[in-house]
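Residues: numbered from 1 along the sequence shown. Keep in mind that what you see is a predicted model, and the values were worked out from it rather than measured.
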Amino acid sequence: MPELPEVETVRAGLERHVVGRTVADVQVLHPRVVRRDLAGPAGFAAAMAGRTVKRAERRGKYLWLALDDDEALLAHLGMSGQLLVGDPDRPLSPHVRARFTFTDGGSDLRFTDQRTFGHLMLCPLGGSDPPQTPPAHGGIRPPISPLGPGETRELPAPIAHIAPDPMEAAFDDGDFAARLTRRHTGVKRALLDQSLISGVGNIYADEALWRARLHWARPTETLKRGEVARLLGAVREVLSEALRAGGTSFDTLYVNVNGESGYFDRSLQAYGREGEPCSRCGTPIRRDAFMNRSSYSCPHCQPRPRRAHP
């Protein structure tokens, strides 16, 4: 499933190619793509016609297009969703679920989803972040909207409960550390909890834990302040590097808006490297079953704790 670097790469492409344009027409080619929109396919298409896109924004794994009347087009890519721009006369793929054309007659926007787990919906802009402040952690501040200090950013109501991601100005390191260590769970489970920290999925959790030298089953209540800081630093480092590489593509299911793959898979140190030598110590990387998925770690650099959460 696309994680923060992949979704941010798509968001940046929408910022370049869609913001400022007015929707002329929408074709909903598969009803499942708007299954969460109460208006249904016809109502969704009618409501989008004539709307102008003001901004392309993101929180964690969700992205949205802020429209001209306090509503947003919210998108979740699911396992295989793609938002692609291109020549409106190009052939229509059998996996295109929705198509947007614009009044300027330029490139169209297509939501393509082979597995149909992704979705689109119109929704009000409801919840808001605290006033914006520069990120104290020194990380990047994603160009999600032209907000200045003291301004607030409105969020689509359905995702107002999702925690800020660690690259946002709204992310509070101290609050995260306090909430993390109050939990009684494994540290990787906590990293995947979108109500605690958003945007981190299986791939980047494994990579960050390898960099921080922490085992995925380490109980969160045993983490010391310095270990939490080291983990956050590793999370931000790996997300930043993956973003610069355009994300991670193992197949053609994740591409940017121009259909290009990311190449961070060449830099992975743990994820997917079972049996290969750890680049730090040479010990073969181990794979463990984890939540119907897999966790990859170095048995030497990331020793399993005596008391561990499964």
Side-chain angles (χ1 to χ4, degrees), residues 1-37 39-53 56-58 60-65 67 72-123 201-203 242-243 245-265:
M1 181 178 291
E3 302 178 31
L4 185 155
E6 292 78 40
V7 179
E8 172 61 19
T9 298
V10 172
R11 187 215 62 81
L14 294 174
E15 182 80 36
R16 292 192 299 271
H17 295 286
V18 177
V19 168
R21 303 174 70 193
T22 300
V23 176
D25 182 60
V26 178
Q27 296 172 278
V28 177
L29 302 172
H30 194 298
R32 184 169 168 78
V33 73
V34 292
R35 62 190 179 277
R36 300 192 182 187
D37 194 292
F44 173 84
M48 280 299 303
R51 310 291 280 276
T52 299
V53 180
E57 308 197 48
R58 177 193 55 75
K61 302 175 186 179
Y62 282 87
L63 58 85
W64 66 94
L65 299 177
L67 303 173
L73 173 60
L74 179 65
H76 192 275
L77 301 180
M79 294 291 291
S80 59
Q82 302 170 351
L83 284 162
L84 303 172
V85 297
D87 185 338
D89 295 324
R90 70 193 187 280
L92 199 67
S93 158
H95 300 304
V96 174
R97 309 307 181 192
R99 177 175 180 259
F100 300 76
T101 57
F102 298 88
T103 56
D104 58 17
S107 58
D108 67 3
L109 174 66
R110 301 179 183 186
F111 187 85
T112 300
D113 191 3
Q114 180 175 329
R115 299 180 180 175
T116 65
F117 292 152
H119 65 86
L120 303 171
M121 67 181 297
L122 268 172
C123 57
N202 207 39
I203 296 173
L243 184 55
T248 301
S249 299
F250 292 113
D251 49 38
T252 59
L253 294 184
Y254 162 68
V255 293
N256 66 16
V257 298
N258 301 118
E260 301 163 337
S261 298
Y263 53 89
F264 188 69
D265 58 300

Quiz item: Checking D37 side chain against F44 main chain: does a donor-acceptor pair fall under 3.5 Å?
Solution: no
Quiz item: Going from CD on E6 to CD on Q82, what distance comes out if it is rounded to the nearest 0.5 angstrom?
Solution: 12.5 Å
Quiz item: So, for H119 and R36, which heavy atoms are closest and what is the spacing to 0.1 Å?
Solution: NE2-NH1, 3.5 Å
Practice problem: Quick one: pull up OG1 in T9 and CG in L63 and give me the separation to the nearest 0.5 Å. | Solution: 11.0 Å
Quiz item: When you measure from the side chain of R90 to the backbone N and O of D87, does any donor-acceptor pair fall under 3.5 Å?
Solution: yes
Quiz item: Could you state the interatomic distance from CZ (R97) to CD (Q27), rounded to the nearest 0.5 Å?
Solution: 14.0 Å
Practice problem: Would you name the heavy atoms of C123 and L74 that are closest together and state the gap between them? | Solution: SG-CB, 4.0 Å
Quiz item: Out of curiosity, L73 CG to L83 CG, how far, rounded to the nearest 0.5 Å?
Solution: 8.0 Å
Quiz item: Quick one: does V10's side chain get under 4.5 Å of R58's, heavy atoms only?
Solution: no
Quiz item: Can you name the nearest heavy-atom pair linking L120 to A98, along with the distance?
Solution: CD1-CB, 4.0 Å
Self-check item: Any residue meeting side-chain hydrogen bond (donor to acceptor under 3.5 Å, both in side chains) with S107, in chain and number order, not counting sequence neighbours
Solution: R21
Quiz item: Distance from T112 atom OG1 to L29 atom CG, nearest 0.5 Å?
Solution: 9.5 Å
Exercise. Start with the C-alpha gap between F102 and T22, add the side-chain angles, then the distance that decides, and say whether side chain to side chain contact (heavy atoms under 4.5 Å, CB included) holds.
Key: CA-CA 6 Å; F102 298 88; T22 300; 5.9 Å; no
Quiz item: Less than 4.5 Å apart, any side-chain heavy atom of L67 and any of L122?
Solution: yes
Self-check item: Pair D265, T248: side-chain N/O donor-acceptor within cut-off below 3.5 Å
Solution: no
Exercise. With rounding to the nearest 0.5 Å, note down the distance linking CZ in R110 to CG in L84.
Key: 8.5 Å
Quiz item: Can you find a pair of side-chain heavy atoms, one from F111 and one from L77, that are under 4.5 Å apart?
Solution: yes
Quiz item: What closest approach, in Å, do P88 and R99 show between heavy atoms, and which atom pair accounts for it?
Solution: O-NH2, 3.1 Å
Quiz prompt | Shortest non-hydrogen contact from G201 toward E3 | solution = N-OE1, 2.7 Å
Self-check item: Pair R32-F117, side chain to side chain contact (heavy atoms under 4.5 Å, CB included): steps then yes or no
Solution: CA-CA 8 Å; R32 184 169 168 78; F117 292 152; 4.1 Å; yes
Practice problem: Identify the heavy atoms of A56 and L14 that sit nearest to each other, and give their distance. | Solution: CB-CB, 4.1 Å
